[in-house]
Amino acid sequence: RQTLEEMRELYEQNQADVSEAKAGRTDLIFLIRFRHCCLLRNQRCILAYLYDRLLRIRALRWEYGSVLPNTIQFHMSAEEVEWFSRYKKSLATYMRSVGGEEGLDLTQDIKPPKSLYIEVRCLRDYGEFEIDDGTTVLLKKNSQHFLPRWKCEQLIRQGILEHILS
């Protein structure tokens, strides 16, 4: 915000000096050019900052899944939340288009798994959780289960389950 305010002031000063320079004051040309270079530098800095935030928001989709925690979403602007939503939809469309009928979830197994099943502890009440073979597991706070890794990864990222390392 400070940078944008500074840019607005520099632009207004340049506008006033350009009018005088057109009237014949050639000594202002160097000052106008200097302010213009300052404006361009500030613009590059703001664009680099916004691009970095965009990359971080994109990484949040891979880390937390399609639903961001409120603590993170609180620090995002409305435009950033909208961009996250569009990115999430675009990624979901792509994942459905590859991998046959069911699609391919690229967000699972970010690191190659050492085993297909893991032991997890439920950190808060979640309710019933269905596994692909049709069995349901009741996830209550502090209960421990031995579940397929790929079914648990999303819940681990959301903070509902905790991987118990032996």
Side-chain angles (χ1 to χ4, degrees), residues 1-115 118 120-124 126 148-165:
R1 291 185 184 140
Q2 291 174 341
T3 306
L4 289 174
E5 181 62 29
E6 178 185 327
M7 289 176 71
R8 188 187 59 75
E9 290 174 11
L10 288 171
Y11 180 78
E12 289 173 358
Q13 290 171 354
N14 261 6
Q15 288 296 97
D17 286 349
V18 164
S19 300
E20 289 185 35
K22 285 182 179 178
R25 285 198 56 196
T26 57
D27 60 321
L28 294 175
I29 292 176
F30 296 110
L31 185 58
I32 292 169
R33 284 186 180 169
F34 176 74
R35 283 193 201 121
H36 185 70
C37 288
C38 291
L39 283 169
L40 292 176
R41 179 198 172 275
N42 287 352
Q43 181 185 21
R44 285 191 311 272
C45 290
I46 287 175
L47 288 174
Y49 170 75
L50 291 174
Y51 184 68
D52 183 61
R53 281 189 66 93
L54 185 80
L55 293 178
R56 290 173 191 249
I57 292 169
R58 185 176 70 182
L60 289 174
R61 168 57 181 94
W62 292 86
E63 184 177 343
Y64 289 100
S66 59
V67 180
L68 289 177
N70 289 335
T71 55
I72 292 176
Q73 207 167 15
F74 176 75
H75 295 290
M76 293 170 58
S77 69
E79 292 82 8
E80 290 172 336
V81 171
E82 180 184 340
W83 187 90
F84 178 82
S85 178
R86 285 188 312 203
Y87 179 73
K88 173 178 66 173
K89 288 176 185 174
S90 176
L91 182 61
T93 302
Y94 174 74
M95 289 190 300
R96 277 192 306 271
S97 71
V98 297
E101 294 176 13
E102 297 177 15
L104 177 65
D105 190 358
L106 298 173
T107 60
Q108 291 183 355
D109 293 330
I110 293 175
K111 295 178 183 173
K114 293 182 181 178
S115 65
I118 58 172
V120 292
R121 177 183 300 121
C122 194
L123 299 175
R124 59 181 178 204
Y126 182 75
R149 173 185 294 274
W150 67 277
K151 289 292 281 187
C152 300
E153 279 198 349
Q154 201 70 22
L155 295 176
I156 291 171
R157 283 192 212 125
Q158 291 174 4
I160 295 168
L161 296 177
E162 173 187 42
H163 183 191
I164 300 173
L165 301 172

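Computed from a predicted model, the values in this text were never measured in an experiment.
Contact record, H75 with E80: O-OE1, 4.3 Å, taken as the closest heavy-atom pair. Between C122 and L161, the closest heavy-atom pair is CA-CD2, 3.8 Å. The two residues G65 and F84 have their closest heavy-atom pair at O-CZ, 3.7 Å. Considering all non-hydrogen atoms of both residues, L60 and I72 come closest at CD1-CG2, 3.6 Å. Summarising the geometry of V120 relative to H163, their closest heavy-atom pair is CG1-CA, 4.3 Å, with the distance given to 0.1 Å. The two residues G159 and L123 make their nearest non-hydrogen contact at O-CD1, 3.5 Å.
More than 12 heavy atoms of other shown residues, nucleotides or ligands fall within 6.0 angstrom of atom CZ in R8. More than 12 heavy atoms of other residues, nucleotides or ligands shown are found within 6.0 angstrom of CG on D27. Within a 6.0 Å sphere centred on OH of Y87, other residues, nucleotides and ligands contribute more than 12 heavy atoms.
Salt-bridge annotation for R1 and E5: absent, with no side-chain N of the basic residue lying under 4.0 Å from a carboxylate O of the acidic one.
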Any chance you could lay out the side-chain contact (heavy atoms from CB on, under 4.5 Å) test for L47 and R44, step after step, and finish with the verdict? CA-CA 5 Å; L47 288 174; R44 285 191 311 272; 5.8 Å; no
Please set out all donor-acceptor pairs under 3.5 angstrom arising from side-chain atoms of residues 89-98, sequence neighbours excluded.
unit_1	atom_1	unit_2	atom_2	d
T93	OG1	K89	O	2.9
S97	OG	Y94	O	2.6

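For residues 31-40, the side-chain hydrogen bond (donor to acceptor under 3.5 Å, both in side chains) pairs, not counting sequence neighbours, are Q13-R35, N14-R35, D17-R35.
When side chains are defined from C-beta on, I118 counts as touching I156, because their heavy atoms get closer than 4.5 Å.
Legend: residues meeting side-chain hydrogen bond (donor to acceptor under 3.5 Å, both in side chains) with E162, ordered by chain and number and at least two apart, are R121.
Expressed to the nearest 0.5 Å, how far CD1 of I32 lies from CG of L10 amounts to 12.5 Å. The CD atom of E82 lies 7.5 Å from the CD atom of E79; values are rounded to the nearest 0.5 Å.
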